[in-house]
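This report concerns only the one structure given below.
Sequence positions, counted from 1, serve as the residue numbers for this chain. All values below come from the heavy atoms of this structure, side chains included, with hydrogens, waters and symmetry mates left out.
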Amino acid sequence: IKTINKENTPDILDRNSFSYINTKDIKAGTVYKYKIVAKRTEGGVTTTSSESAVTTMSKPKDVTTLKISKRTQEDITIKWTKNSQATAYVVQRSAENANGSFSAYKTIKTTKSTTTALKNTGLKAGYIYKYKVLAQRTKSSVTNNSNGKTVQTLTVPATPKKLINKKSTATKIKVAWSKVAKATKYELYRKAAKTKYKKLTTTASTSFVDKTVSTGKNYKYKVRAYRKVSGKKYYGGYKALKTTTAVSAVKGVTVKSYLRRGLFSWKAVSGATGYDIFVKKSNGKWLKKASTPYRNYLTGKLKLNKTYTYQIKSYKKVGGSKVYGTAKTFNVTASDTAYGKKVSGTWVEVCTETQQMFMYVNNKLYCSTPVITGYAYNSRRTTPGFHRVISKKSPATLTGPTWNVQVSYWLGFTSDGQGIHDAIWQHNDFGKEHYKNPSRGSHGCVNTPTSAVAKIFAKAYVGMPVVVY
């Protein structure tokens, strides 16, 4: 540092100054040495102090480019160009907080000079992160960092954890999904059979009522969240749902009562998978009693002089879930007669609609079994009414226009040859609605599993009531 003289000409450094900025001929990333001496001139005599030296380095150049190469819900990978002056790179990060503020930049990694990428893991989905990469140069035991190149991005927004059918009617489907942190809005899409997905709505809500659907039709929905930052949308993954509108409500319910049982039947509902039957308890809650694919239901024994309230709900099953139609509610009061007659002691009941048979001994249920009765749509139908056993044989030979078969047990109850007997040709496949199939329905007899008919035969007697309804 040069001192010119003392005649009112200032030195390069004013004697009251304790700093100096050197801007001339400075090159980035270069080591410079400075020496400082104090001078004093008095009476024409100049003296100097001993030298004080310092070695420093100008800041190296920044990396030319810094960019985001990959983003997921939990990771961000950044890449930068190699800097010839760098002997290492310092990677710093500022993270968004839940309230939208940002933390101060903190060093998360110092890499080798040969490393020009970093995968930052363990991040929060949908949050903004700012990265700064500083070129670090060490030479002659001196280290300095560049000002730093910055880039901002955010992790991929989270995929909604669930998408559910909140409620369906015959004309509406309300879908709902879980909230996604930092989401600006959500995009909901729908697909019907043989069509492509079409966007239904963009909404800040976490539910939507779709009113453009048809009764009993299947639909697929998918929803995704996005976050909008600086005019750009960042999308998360899709959550999908397969569901349906509700089928129509049950109509045409017929209620009958036989020997303290209620027998319900109704019209088929187009598109229905099945029907659930509920009874109203004394506390006002509904108790599910049965689920059936058929259009009839036979209750257990009911209390006399008591009115029961039942509901039938049609449903359609999609993706393991049931979507119900509107419930049909009705009442039934038990009757203790069948065809105007009371029975007691030991008797047999046959319900042709539900393909069930029951035997009571001393007024208590002794045996119940699925059966196959006569073909329902012509003269082969098992005759409804109050009958009595008129013949009891074991074994027996049954003959007819096209058959001659041997059975182990026979309990005839009509004069035209209808009776209860075993039927090994039914291959233990009883119940269901085989009586509606001309190749499976009998010619009026009650085909019964051998084990069940053996029990019934043991307690039956000629003259025993057989009630068919």
Under the salt bridge (Lys or Arg N to Asp or Glu O under 4.0 Å) criterion, do Lys342 and Asp336 qualify, and how do the steps go? CA-CA 6 Å; Lys342 293 184 179 183; Asp336 62 349; 3.3 Å; yes

Is the distance from the ring center of Tyr297 to that of Tyr275 below 6.0 Å? no

Partner of Met359 by side-chain contact (heavy atoms from CB on, under 4.5 Å), out of Ile420, Thr346, Thr369: Thr346

Compute the centroid of each ring, for Phe457 and then for Tyr409, and state whether the two points are separated by less than 6.0 Å. yes

Any donor-acceptor pair under 3.5 Å linking the side-chain atoms of Thr203 with those of Ser205? no

For Ser265 and Asn296, which I'm curious about, is there any donor-acceptor pair between the side chains at under 3.5 Å? no

Between Ser391 and Trp410, a side-chain donor and acceptor under 3.5 Å: yes

Please determine whether a side-chain nitrogen of the Lys or Arg among Asp429 and Arg440 lies less than 4.0 Å from a carboxylate oxygen of the Asp or Glu. yes

Between Ser442 and Gln426, is there a side-chain donor-acceptor contact under 3.5 Å, judged purely by atom types and distance? no

What I want to check is whether the side chains of Thr333 and Thr307 have a donor and an acceptor closer together than 3.5 Å. yes

Is the closest side-chain heavy-atom distance between Asn331 and Tyr310 below 4.5 Å? no

Tell me, please, whether Tyr435 has Arg380 positioned over its six-membered ring: NZ or CZ under 6.0 Å from the ring centre and within 45 degrees of its axis? no

Counting the benzene-type ring for Trp, do Tyr189 and Tyr221 have ring centres under 6.0 Å apart? no

State whether Tyr226 and Lys185 meet the cation-pi test: NZ (Lys) or CZ (Arg) under 6.0 Å from the six-membered ring centroid, and within 45° of the perpendicular axis. no

Mutual orientation of the aromatic rings belonging to Tyr375 and Tyr377 [parallel < 30°, tilted 30-60°, perpendicular > 60°]: perpendicular

Aromatic Tyr234 / basic Arg227 pairing, under 6.0 angstrom, 45° off normal: no

Check this for me, if you would: do Asp210 and Arg190 make a salt bridge, where the nitrogen-to-carboxylate-oxygen distance has to be below 4.0 angstrom? yes

Tell me, yes or no, whether the heavy-atom count around Ile424 atom CD1, taken from other residues, nucleotides or ligands under 6.0 Å, exceeds 12. no

Any chance the rings of Tyr258 and Tyr339 have centres within less than 6.0 Å? yes

Hey, is NZ on Lys199 packed in by over 12 heavy atoms from elsewhere, all under 6.0 Å? yes

Would you kindly check if the NZ (Lys) or CZ (Arg) of Lys112 is within the cone defined by 45 degrees around the ring axis of Tyr89 and under 6.0 Å from the six-membered ring centre? no

Cationic tip of Lys182 within the cone over Tyr127's six-membered ring, i.e. under 6.0 Å and within 45° of the normal? yes

Pair Glu353-Arg261, salt bridge (Lys or Arg N to Asp or Glu O under 4.0 Å): steps then yes or no: CA-CA 13 Å; Glu353 285 197 38; Arg261 290 183 187 271; over 6 Å; no

Treating Asp422 as the side-chain partner and Ser408 as the backbone partner, does any N or O pair qualify as donor plus acceptor under 3.5 Å? yes

Given Lys124 and Glu96, is the salt bridge (Lys or Arg N to Asp or Glu O under 4.0 Å) satisfied, shown in steps? CA-CA 10 Å; Lys124 295 180 180 179; Glu96 183 184 17; over 6 Å; no

Going by the angle between their ring planes, with limits at 30° and 60°, are His387 and Phe413 parallel, tilted or perpendicular? tilted

May I ask you to check whether Gln311 and Thr329 show a side-chain donor-acceptor distance below 3.5 Å? yes

Ignoring hydrogens and geometry beyond distance, is a side-chain donor-acceptor pair present between Thr354 and Gln356 at under 3.5 Å? yes

Regarding Gln355 and Thr373, is there a side-chain donor-to-acceptor distance under 3.5 Å anywhere? yes

Salt-bridge criterion met for Asp276 and Lys313 (N-O under 4.0 Å): no

Presence of salt bridge, Lys301 and Glu349, under 4.0 angstrom: yes

Could you walk me through whether Thr155 and Gln73 satisfy the side-chain hydrogen bond (donor to acceptor under 3.5 Å, both in side chains) test, starting with their C-alpha distance in whole Å, then the side-chain angles of each, then the deciding distance to 0.1 Å, before giving a yes or no? CA-CA 5 Å; Thr155 47; Gln73 292 183 5; over 6 Å; no

Hey, can you tell me if Tyr315 and Tyr324 have their rings parallel, tilted or perpendicular (30° and 60° cut-offs)? perpendicular

Does Lys109, at its NZ atom, have more than 12 non-hydrogen atoms belonging to other residues, nucleotides or ligands within less than 6.0 Å? no

